Amino acid sequence: MSMNPSGYEEMALFLIESEVGKREVERFTKRRPELTVEDGYRIQEALIARKLEQGYRVIGPKMGLTSRAKMKQMNVEAPIYGFIFDYMVVEGDVLRLDELIHPKVEAEIAFVLAADVQGPGVTAAQVLAATEYVVPALEIIDSRYEDFQFALPDVVADNASSSRVFIGSGFRSPVGLELDLIGVTLSINGEWKDAGAGAEVLGHPAESVAMLANMLSRRGQSLKAGQVILSGGITGAHTLKAGDTVTAIWDRLGTMQFRVQG
Ligand code: 0L1
Ligand code: MG
């Protein structure tokens, strides 16, 4: 798309059109390098508001850019967040490529809270005490920007590349699980691609969720009981193509598999 949107609302609509039309777009910072991360969150808020108006429901927030490698690559100190909507949750075991632009998969641990958690000052211990379940997830990220290339304000505006998610069936209490030591291997078509442990996510996935609660509190928001909260990628993100079969084998949390349909 060649239009040059200005204003938060217009920029949000531009990204929604890109998602719906499955057409990658030029990143905003190419023409407007002065955009800040704060601008990115203002655009994201406009995008979330529009989706809510359209009748979609938020499943929960997600943390992104939580691994040291990704933060270093983006030259940032802190992760970012976005929101997962109901239409993004894939039922069954097929990912439809014709609904997406250039998706990638990454393995994550998701949290379901028994009680609301309100920052600031939230600790990982408080998050764990409030957690009813953890469940493995495979997040599908699909940046709306050309070649999956962006600066931080762009990716914040683009709802942290949120696109789809497979939620596993192994809901477990976190008590005694040592989430930092839980490992996962990721294979595509039987070929090993990646592996990691929970500690890849800011040292412990609950640290990431605590940081998320504290980041949300700056905008007057909190984590809510019952939301499914994605804590961040344990593995890197791997590009998917038609015909791929993706398998994630989790330590103690079960095996997940899906197929990519062209
Ligand atoms: O979930 C994520 O970590 C994605 C954050 C945005 C960065 C990316 O698209 O790689
Ligand atoms: Mg992610």
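We count ligands from 1, going down the list as the structure has it; atoms in each ligand are counted the same way. If you read the sequence from its start, that first residue is 1, and numbering goes on from there. Everything quoted here is computed from the prediction, not taken from an experiment. Note: hydrogens, waters and symmetry copies are ignored here, and every other heavy atom, side chains too, is used.
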K.L.:
Would A160 count as a contact of ligand 1 if the rule is a heavy atom under 4.0 Å away?
P.N.:
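True for this residue.
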
K.L.:
Within ligand 1, which atoms have a heavy atom of V155 less than 4.0 Å away?
P.N.:
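Matching atoms, with element in brackets: 6 (C), 7 (C).
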
K.L.:
Out of all atoms in ligand 1, which are within 4.0 Å of some heavy atom of K62? Include the element for each.
P.N.:
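Here the atoms of ligand 1 in question are 1 (O), 2 (C), 4 (C).
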
K.L.:
Give the atoms of ligand 1, by number and element, whose distance to some non-hydrogen atom of S161 is under 4.0 Å.
P.N.:
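Contacts of ligand 1 toward S161, numbered from 1: 6 (C), 8 (C), 9 (O).
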
K.L.:
Provide the number and element of each atom of ligand 1 under 4.0 Å from a heavy atom of F150.
P.N.:
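Numbered from 1, ligand 1 contributes 7 (C), 8 (C), 9 (O), 10 (O).
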
K.L.:
Step through the shown structure and confirm whether more than 12 heavy atoms of other residues, nucleotides or ligands are within 6.0 Å of CZ on R219.
P.N.:
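Yes, because the 6.0 Å sphere around CZ of R219 holds more than 12 heavy atoms from other groups.
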
K.L.:
Salt-bridged, E17 to R144, with N to O below 4.0 Å?
P.N.:
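No, E17 and R144 are not salt-bridged.
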
K.L.:
With the Mg ion (ligand 2) as the reference point, give the N/O/S atom of E106 that is nearest.
P.N.:
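Going by distance to the Mg ion (ligand 2), the closest N, O or S atom in E106 is OE2.
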
K.L.:
Side chains of E106 and T235: any donor to acceptor distance under 3.5 Å?
P.N.:
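Their side chains do not contain a donor-acceptor pair, so the 3.5 Å distance test is not met.
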
K.L.:
Once you restrict to heavy atoms under 4.0 Å, what part of K104 touches ligand 1? Side chain, backbone, both or neither.
P.N.:
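For K104, there is no contact with ligand 1 at all, from either part.
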
K.L.:
Scan side-chain atoms only and decide if T239 and K241 contain a donor-acceptor pair under the 3.5 Å cut-off.
P.N.:
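No, because no side-chain N or O of T239 sits under 3.5 Å from a partner of the opposite role on K241.
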
K.L.:
Which distance, rounded to the nearest 0.5 Å, do you find between the CD1 of I84 and the OG of S162?
P.N.:
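It comes to 4.0 Å.
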
K.L.:
Taking the Mg ion (ligand 2) as the vertex, what is the angle from OE1 of E139 to OE2 of E108, given to 10 degrees?
P.N.:
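E139 OE1 and E108 OE2 form an angle of 90° at the Mg ion (ligand 2).
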
K.L.:
To the nearest 0.5 Å, what is the distance between CG on L216 and CE on M211?
P.N.:
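Reported to 0.5 Å precision, the distance equals 12.5 Å.
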
K.L.:
Closer than 4.0 Å to some heavy atom of I141 - which atoms of ligand 1 meet that?
P.N.:
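Those atoms are 1 (O), 4 (C), 8 (C), 9 (O), 10 (O).
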
K.L.:
Around atom 10 (O) of ligand 1, find the nearest protein heavy atom and jot down its residue, atom name and distance.
P.N.:
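Result: K70 NZ, 3.5 Å.
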
K.L.:
What pair of heavy atoms forms the shortest contact from A157 to Y145, and how long is it?
P.N.:
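Scanning both residues, the minimum pair turns out to be CB-OH, 4.1 Å.
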
K.L.:
If you round to the nearest 0.5 Å, how far is CD of Q221 from CE of M215?
P.N.:
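Answer rounded to 0.5 Å: 11.5 Å.
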
K.L.:
Can you find an N/O atom of L65 closer than 3.5 Å to an N/O atom of ligand 1?
P.N.:
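Min N/O separation from ligand 1 is below 3.5 Å for L65.
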
K.L.:
Just need the protein heavy atom nearest to atom 2 (C) of ligand 1, so name the residue and atom and give the distance.
P.N.:
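That would be E106 OE2, 3.2 Å.
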
K.L.:
Check E99 with R164, please: is the shortest side-chain N to carboxylate O separation under 4.0 Å?
P.N.:
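Salt bridge present between R164 and E99.
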
K.L.:
Just to be sure I read this right, does ligand 1 sit under 4.0 Å from the backbone of S143, its side chain, both, or neither, counting only heavy atoms?
P.N.:
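Within the 4.0 Å criterion, S143 makes no contact with ligand 1.
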
